[in-house]
Amino acid sequence: MNPLSGRRIVLGVTGGIAAYKAVEVCRRLVDAGAHVTPVLTEGALQMVGATTFSALASEPARTSLFDDPQTPIPHTVLGQAADLILICPATARVISDIRTGRSADLLMATVLATRAPLMVCPAMHTEMWEQASVQENISVLTDRGVLIVAPESGRLAGGDMGHGRLAEPATVVAAVEAALSSGDLAGRKVLVTAGGTREPIDAVRYLGNRSSGRQGHALAAEASARGADVVLVTTQPGRAPGGVRVVAVETAAEMANACEIEATNSDLVVMAAAVADFRPADSASRKLKKADGAPEVELVATIDILALLGAAKPEGQILVGFAAETDDLVANAAEKLARKNLDLIVANDVSKPGVGFEHTTNEVVVLMADGSRHDVSLSDKREIARAVLDAALGSLSTNLNQEQ
Ligand code: CTP
């Protein structure tokens, strides 16, 4: 189940220009199944309308301690029911108020009236963010266990560039998921590959495949939400989820290099990428011209990254492969599992409707090295990711017990 499903989140919005991004955060949290109650400060109302949040959230936005005669003490109702309080964006003012416990408005009263975890996403100009007072407040909050979603560098309000920009909505949501998840992959390093490789023919053309990278990205997002330290080697960096370290690659050779470096100290490696089996032997550095006639493209085999990783698998590491098949699904996948020295293979019949490439859904059979199998019916790719990681975690725990 999604860690956000049915969880109650108070989304505190304060008066930074980045308040408009909190609208997207709100929508994503609701989409992931959370019950979101927006609480806007006076400053936030200068930046965005309460109606926008009321329309997107699970209940109307609240803006005052005193505007609801039915609920005379809204802060305790909100604070006691919350599973998490998220302040996004958090201004220097609210960060200071959290430190001192100053209850200036409904949001601060709610922060004080809860035992739920508090997550703060600072957003401000570089000069403000770097002030000793702000930095000291942040460090006190960190020591108290407040979860800080670090600001990023980039474009700031007024066209300035610098550090202090609100983390991307995907990163904020990933942090919330991680905070509310079981954390059963905490302390584990997970390497995931995703997307189809592109093997150049000339300066503008390539041989590719239809992989969207969605299943690999869902695996990376799920592993990160469960507390893992995730590195995602992907040919689709623009679509990568938040909260993971991304290594962008294009070709099978680049992916092989990145995997060789990242796999050595990984507890779990999931090769979800659709790696080309063949590449053009030569690629022209310039664009080939039509007038020169149809080119002869000689193909040579690429490195089988998964087989390489399987041959050099460190003790205790769990290696997961994928098998996209159109015939004899289980037999072909079982043969790959053994040949590539895998612990687990995720097989899908890509000839079925809604399965595999370019779909948001998938249907898989997970085969384990011990001969057991789990069938996962047609579901969202995140749901598939959950099932695959559950199965992998079972093998990880078994290995750990054997080591002890
Ligand atoms: N894979 C890889 N490197 C390659 C090709 C595939 O690491 N050059 C990985 C994929 O990421 C996937 C699995 O191997 O996890 C899929 O294997 P596949 O290409 O389907 O198997 P093959 O051994 O090439 O078998 P076949 O082409 O006969 O189906």
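The first residue in the sequence is number 1, and the count goes up from there.
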Using the salt bridge (charged side-chain N to carboxylate O under 4.0 Å, His left out) criterion, which residues pair with D105? Sequence neighbours excluded. R93
Determine the sole option in R198, E199, R279 for which the side chain to side chain contact (heavy atoms under 4.5 Å, CB included) test with Y206 is passed. R198
Taking the side chain as every heavy atom from C-beta outward, state whether [X] and [Y] have any atom pair closer than 4.5 Å.
X	Y	value
L86	L29	yes
P117	L84	yes
Q131	M124	no
M255	V275	yes
I9	L4	yes
R144	R99	yes
R239	S212	yes
L342	M271	no

For [X] versus [Y], what's the shortest heavy-atom pair and its separation?
X	Y	value
P280	I201	CG-CG1, 3.9 Å
D349	V355	O-CG1, 3.2 Å
L112	S103	CD1-CB, 3.6 Å
C259	I305	CB-CG2, 3.9 Å
V300	A281	CG1-CB, 3.8 Å
V30	S58	CG2-OG, 4.1 Å

Atom pairs and distances, donor-acceptor, side-chain atoms in residues 16-25, under 3.5 Å, two or more places apart:
from	atom 1	to	atom 2	distance (Å)
E24	OE2	R27	NH2	3.1
E24	OE2	R28	NE	2.9
E24	OE2	R28	NH2	3.4

I need the [X] [atom1] to [Y] [atom2] distance, nearest 0.5 Å.
X	Y	atom1	atom2	answer
K290	D292	NZ	CG	11.5 Å
T142	I148	OG1	CD1	4.5 Å
L309	L191	CG	CG	7.5 Å
D97	T41	CG	OG1	10.5 Å
S395	D370	OG	CG	7.0 Å
D143	I138	CG	CD1	11.5 Å

Examine distances only and state if a side-chain atom of [X] and a backbone atom of [Y] form a donor-acceptor pair shorter than 3.5 Å.
X	Y	result
S96	A92	no
T326	S351	no
T197	A276	yes
D267	K189	yes
T302	D277	yes
S181	P3	no
D375	V365	no
D68	Q70	yes
T193	A272	yes
T114	G79	yes

Given the rule in the side-chain contact (heavy atoms from CB on, under 4.5 Å) test, do L396 and R188 qualify, once you have shown the distances and angles that lead to the verdict? CA-CA 10 Å; L396 258 179; R188 305 288 196 174; 3.9 Å; yes
Let's go through E177 and E222 carefully: what are the C-alpha distance in whole Å and the side-chain angles of both, what is the deciding distance for side-chain contact (heavy atoms from CB on, under 4.5 Å) to 0.1 Å, and is it a yes or a no? CA-CA 9 Å; E177 285 178 345; E222 177 65 15; over 6 Å; no
Just one of Q215, E383, R214 clears the side chain to side chain donor-acceptor pair (under 3.5 Å) bar with N362, so which one? Q215
Residues E152, R155: salt bridge by 4.0 Å N-O rule: no
Note: D202-R205 ion pair, threshold 4.0 Å (strictly below): yes
Check the pair V13, V39 against side-chain contact (heavy atoms from CB on, under 4.5 Å), reporting the backbone distance first and the verdict last. CA-CA 6 Å; V13 185; V39 174; over 6 Å; no
For [X], look at atom [atom1] and say whether over 12 heavy atoms of other residues, nucleotides or ligands are found less than 6.0 Å away.
X	atom1	answer
E260	CD	no
M128	CE	no
R339	CZ	yes
D160	CG	yes
R115	CZ	no
Q135	CD	yes

Distance-only donor-acceptor hits, side chain of residues 318-325, under 3.5 Å, sequence neighbours excluded:
from	atom 1	to	atom 2	distance (Å)
E325	OE1	N332	ND2	3.3
E325	OE2	K336	NZ	2.5

Using side chain to side chain donor-acceptor pair (under 3.5 Å), reason through H163 and T126 one step at a time and then give a plain yes or no. CA-CA 5 Å; H163 197 62; T126 312; over 6 Å; no
Whether R210 engages the ring of F357 as a cation-pi pair (distance to the six-membered ring centre under 6.0 angstrom, angle to the ring normal within 45°) should be assessed. no
Under the criterion side-chain contact (heavy atoms from CB on, under 4.5 Å), I'd like the reasoning laid out for L268 against L389: C-alpha separation, chi angles, the key distance, then a yes or no. CA-CA 9 Å; L268 172 62; L389 291 181; 3.8 Å; yes
